[in-house]
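What's counted below: heavy atoms across the whole structure, side chains too, no hydrogens, waters or symmetry copies.
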Amino acid sequence: MSDFVPQPFTQALSEFAWVTPRELKALQAASYTTVGDVLLRVPRRYEDRRCTKPINALLSGETASLQLHVYSAGWRFSYKRYFEVSAGAEGEPYGPRLLLRWFNMPYVAKMLAVGMNLSVYGKVKEFAGKLTMTNPDFEVMEDEDVGARLVERAMGGMVSPVTESAESCEYIHTHRIVPIYRAVSGIAPRSFRALVYKLLQLMPEELPQPGYDVAPAYPFRQALQDLHFPAEPELAHKARMRFALAECFQQQFRVAWRRRQSQGRPGLITAVGDGYLQELLQSLPFRLTAAQMRCVEEIRADMSRPQQMNRLLQGDVGSGKTLVALCAMLLAVESGKTAAMIAPTQILAEQHYNNFRKLLHLMDVRLSLRTSDRADDVGYVADDPQSADATPRILVGTHALLYKKHRPQNLGLAVIDEQHKFGVAQREKFTCTADNPDVLVMTATPIPRTLTLTLYGDLDVSIIDELPANRGEIITALRSPKNMKRIIAFMRSELDAGRQIYIVSPLIEESEKTERTAAVSEWEKWKEIFPGEPIGLLHGRLSPEEKDAVMADFRSNSTHILIATTVVEVGVDVPNATIMLINDADTFGLSQLHQLRGRIGRGQHKSYCILLSDAAAGEPGREKLEVLCRTLNGFEIAEEDFRLRGPGDVLGTAQSGLGAVQFAEWLSDTRLIHRANRDANAILDADPMLKLPQHAPLRELVQFELEQGVVG
């Protein structure tokens with residue numbers, strides 16, 4: 001082993017001569033450039049390869065670990081060329097044998113020779129009456145020097161003398177609890193595991209943890225050892241929980257920091273009267289639900305204070321979040337300020353714009369739409385073009401609102417719709433102005449209750465937990481493609497009644513790599529099934545103008561059937577649509593299916609969501625569809641999605657700026673979350689500005705906020 005001791009975690013992999021150019025290129029392509037990048041790569045699972053079995057106890061189909069002696073070795077030919085070793089118990093040349101075969105691995109022939117003792121691990125199969133293992137993991141049990149001498153002898157070369165410094169071979173791939181990592185393209189799993197092992201051996205015993213150490217009683221170097229090569233399964237769990245706490249603490253510290261800065265940040269009083277609000281409420285043909293009114297009052301209380309509001313409005317699909325947001329925007333307008341709403345897509349922005357025009361058509365409040373290709377500055381609500389104030393007071397737009405040309409002036413309230421569709425930097429750019437406007441973020445994606453503190457700990461939360469009474473009933477049914485004739489007959493009856501239909505597919509065009517349905521081919525198919533019906537096609541490759549035209553036709557009922565991809569998942573509102581047929585429903589996420597289903601049932605008519613799938617009973621895809629058939633409650637569905645897929649998959653990498661979550665244990669363990677939150681707040685109580693030297697790593701954690709001028 002080299003005497004070189006690298007700087008902890010910062011040493012570039014390119015500085016190690018034993019990392020081959022081919023391996024280095026593959027590692028760099030996967031964004032692994034330093035020691036730390038590799039050693040903080042979390043094993044996705046472990047295999048216990050310690051328990052060995054004799055050959056005569058093996059069963060075909062089982063995975064086993066064995067210690068064997070090589071009795072013969074050589075190349076063989078069948079339908080493909082392969083290297084084969086015949087091995088058995090040491091000292092039993094006439095005992096039972098296991099054939100080890102390696103395909104497409106020519107380097108194995110240079111590593112193995114007759115007379116070696118091996119530790120092997122792989123799946124046993126019976127082939128032509130003989131027990132075999134194909135491409136098993138293996139290690140030479142003798143010391144490395146003896147192994148090399150046996151290979152030299154087998155290849156007819158000179159035999160090297162035995163060195164006095166020969167060390168016993170440390171097991172890496174067999175005869176221990178072995179880490180299994182996610183694949184890195186261009187590097188064999190065995191090679192990557194060996195790389196991790198070798199780098200770990202180079203780390204000094206007193207290795208400091210990068211950043212802030214939340215568990216000094218459990219040395220970082222030992223935790224790394226237990227994470228990658230644990231002596232017992234319990235140690236792997238212990239190490240994962242230690243790293244999970246560290247990751248949780250970092251996230252909770254950022255949340256606690258942001259919350260303290262926003263609470264102490266002066267803001268505008270943007271609720272000084274409710275004349276516009278009352279005028280809107282009196283003009284509506286329905287009453288707001290109790291949950292909507294509660295949320296309006298919570299928001300108004302925030303806007304009445306001279307501190308910046310930072311509030312999340314969370315509600316299920318169809319619960320009326322946009323109307324609550326409009327109430328808040330009218331409060332800001334009455335205070336003399338501008339209110340702006342940013343939406344993730346042009347379709348959704350234009351829908352909000354058109355809905356606001358209908359709701360406010362008798363009120364003297366100028367409204368404008370701002371998108372990348374449209375600045376509708378004449379789109380005011382009052383019918384009098386000579387109105388004294390020609391400045392738009394409510395702006396609705398897309399990402400265009402982030403740029404100087406369309407940035408709102410005199411902004412009092414910033415509303416972010418479907419906030420998880422925007423990056424942290426985009427949200428900051430939209431809301432950070434000199435006046436510190438009030439901020440209201442909205443999401444129609446219910447978050448499991450156990451994660452609310454994690455994701456939105458820096459925000460006050462308002463929840464709309466009931467649906468408007470005028471919404472139609474939605475029935476969800478799971479059907480096989482074999483039932484298509486009956487489904488078509490039912491669709492015909494709804495079309496004859498004047499209703500409209502969504503048909504959603506996972507792909508835009510057919511692919512040779514998958515048999516999933518595609519929107520373009522579905523469009524052709526359904527035109528043949530319903531030749532007299534106008535059918536539209538909507539997907540992400542259409543231009544904004546084409547998308548607008550397709551949606552305009554569907555909203556006006558000029559198009560009766562809309563074939564689409566998940567571009568209709570968020571915000572599309574057509575009350576006359578009563579059927580949603582989802583092809584290959586088992587390929588979608590549970591929450592995504594719930595969002596899609598939310599496009600129907602938006603009027604007074606009974607609606608039907610048909611989940612088309614071949615998934616068999618007991619399969620994971622089938623289980624999530626049965627959950628969807630069982631309930632319409634988005635929060636209950638979020639909990640089930642969390643249970644079925646795990647927190648990491650539910651959150652992805654975009655939620656609330658979390659980034660890639662490596663140790664998902666903390667997302668489902670409220671004890672870790674509360675401990676991390678408590679520790680973070682204790683530090684901020686003692687050192688609010690993080691001036692102490694030991695808190696320098698924490699100052700780096702919040703560097704983004706510091707650079708944005710949130711605090712000096």
Side-chain angles (χ1 to χ4, degrees), residues 271 273-300 313 315-334 339 341 343 347-369 379-384 387 393-394 396 413 415 417 440 442 444 462-474 494 497-500 551-552 554-558 570-579 597-607 632 634:
D274 63 355
Y276 283 143
L277 173 60
Q278 294 302 324
E279 191 175 347
L280 170 66
L281 296 179
Q282 292 169 13
S283 69
L284 295 175
F286 54 84
R287 296 175 62 88
L288 268 62
T289 65
Q292 285 176 304
M293 286 303 302
R294 182 186 69 244
C295 292
V296 169
E297 291 305 317
E298 290 171 351
I299 293 168
R300 175 157 56 177
L313 178 61
D316 210 343
V317 287
S319 61
K321 296 180 298 301
T322 307
L323 186 53
V324 171
L326 179 59
C327 292
M329 296 172 84
L330 289 175
L331 290 173
V333 169
E334 189 152 346
M341 174 185 284
I347 290 176
L348 187 53
E350 293 195 354
Q351 179 171 287
H352 287 328
Y353 172 66
N354 291 327
N355 287 341
F356 287 176
R357 292 198 65 173
K358 293 175 185 176
L359 290 169
L360 305 176
H361 72 283
L362 297 178
M363 296 170 61
D364 187 18
V365 178
R366 289 183 175 271
L367 180 68
S368 180
L369 174 69
Y380 54 88
V381 177
D383 292 326
D384 180 10
S387 178
R393 305 299 300 280
I394 293 179
V396 181
L413 173 65
V415 181
D417 192 18
L440 180 67
M442 303 194 299
S462 292
I463 298 177
I464 306 179
D465 51 8
E466 63 178 307
L467 296 177
N470 62 340
R471 291 300 171 97
E473 178 187 1
I474 300 178
E494 286 293 292
R499 309 291 174 248
Q500 292 167 271
M551 282 311 305
F554 194 59
R555 287 194 189 97
S556 66
N557 205 4
S558 299
V570 175
V572 178
D573 189 359
V574 181
N576 193 49
T578 58
I579 290 181
R597 179 172 60 179
R599 298 311 104 213
I600 58 174
R602 305 186 77 84
Q604 297 182 358
H605 309 295
K606 194 173 186 178
S607 297
L632 292 168

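- Of the inter-residue distances, the one linking Asp316 atom CG with Ile463 atom CD1 reads 11.0 Å to the nearest 0.5 angstrom.
- Contact check for Tyr276 versus Leu360: no side-chain heavy atoms found under the 4.5 Å cut-off.
- By the 4.5 Å heavy-atom criterion applied to side chains, Gln500 and Asn557 are counted as neighbours.
- Here the straight-line distance linking atom CG of Asn355 with atom CG of Leu326 works out to 10.0 Å at 0.5 Å rounding.
- Side-chain contact between Asn576 and Arg499: present, with at least one pair of heavy atoms (C-beta onward) separated by less than 4.5 Å.
- The shortest heavy-atom contact between Gly273 and Leu331 is O-CD2, 3.4 Å.
- No side-chain heavy atom of Glu466 sits under 4.5 Å from any side-chain heavy atom of Gln292.
- Taking each heavy atom of Cys295 and Ile464 in turn, the nearest pair found is SG-CG1, 3.7 Å.
- The CE atom of Met329 sits 5.0 Å away from atom CD1 of Ile394, with the distance rounded to the nearest 0.5 Å.
- Nearest heavy atom pair, residue Arg300 against residue Ala271, reads O-CB, 3.9 Å.
- Annotation: side chain of Leu313 is in contact with side chain of Leu440 (closest heavy-atom distance under 4.5 Å).
- What you find for Leu359 and Leu280 is that their closest heavy atoms are O-CD1, 3.8 Å.
- Using a 4.5 Å heavy-atom threshold, the side chains of Glu279 and Gln282 count as separate.
- Heavy atoms only, all atoms of each residue included: Glu494 and Lys606 are closest at OE1-O, 4.5 Å.
- To the nearest 0.5 Å, atom CD1 of residue Ile299 and atom SG of residue Cys327 are 8.5 Å apart.
- With a 4.5 Å cut-off on side-chain heavy atoms, Glu334 and Leu330 do not count as touching.
- A salt bridge links Arg294 with Asp465: the closest approach of a Lys/Arg side-chain nitrogen to an acidic carboxylate oxygen falls below 4.0 angstrom.
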Requested in this report: With side-chain contact (heavy atoms from CB on, under 4.5 Å) as the test, would you mind laying out the steps for Val333 and Leu413 before giving the verdict?
Outcome: CA-CA 9 Å; Val333 169; Leu413 173 65; over 6 Å; no

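- Under the 3.5 Å distance criterion, the side-chain polar atoms of His361 are matched with a main-chain donor or acceptor of Lys358.
- Not one N or O on the side chain of Arg393 forms a donor-acceptor pair closer than 3.5 Å with the backbone of Arg366.
- In this structure, Glu473 contributes its side chain and Ser607 its backbone to no donor-acceptor pair below 3.5 Å.
- Considering NE2 of His352 and CD1 of Ile347, their distance stands at 12.0 Å, rounded to 0.5 Å.
- Taking CZ of Phe356 as the start and CG of Leu323 as the end, the distance is 8.5 Å to the nearest 0.5 Å.
- Ion pairing between Asp417 and Lys321 fails under the 4.0 Å rule for side-chain N and carboxylate O.
- Contact annotation: the side chain of Val574 never approaches that of Arg602 to less than 4.5 Å [non-hydrogen atoms, C-beta and beyond].
- With sequence neighbours left out, Leu632 forms a side-chain contact (heavy atoms from CB on, under 4.5 Å) with Ile474, Thr476, Arg597.
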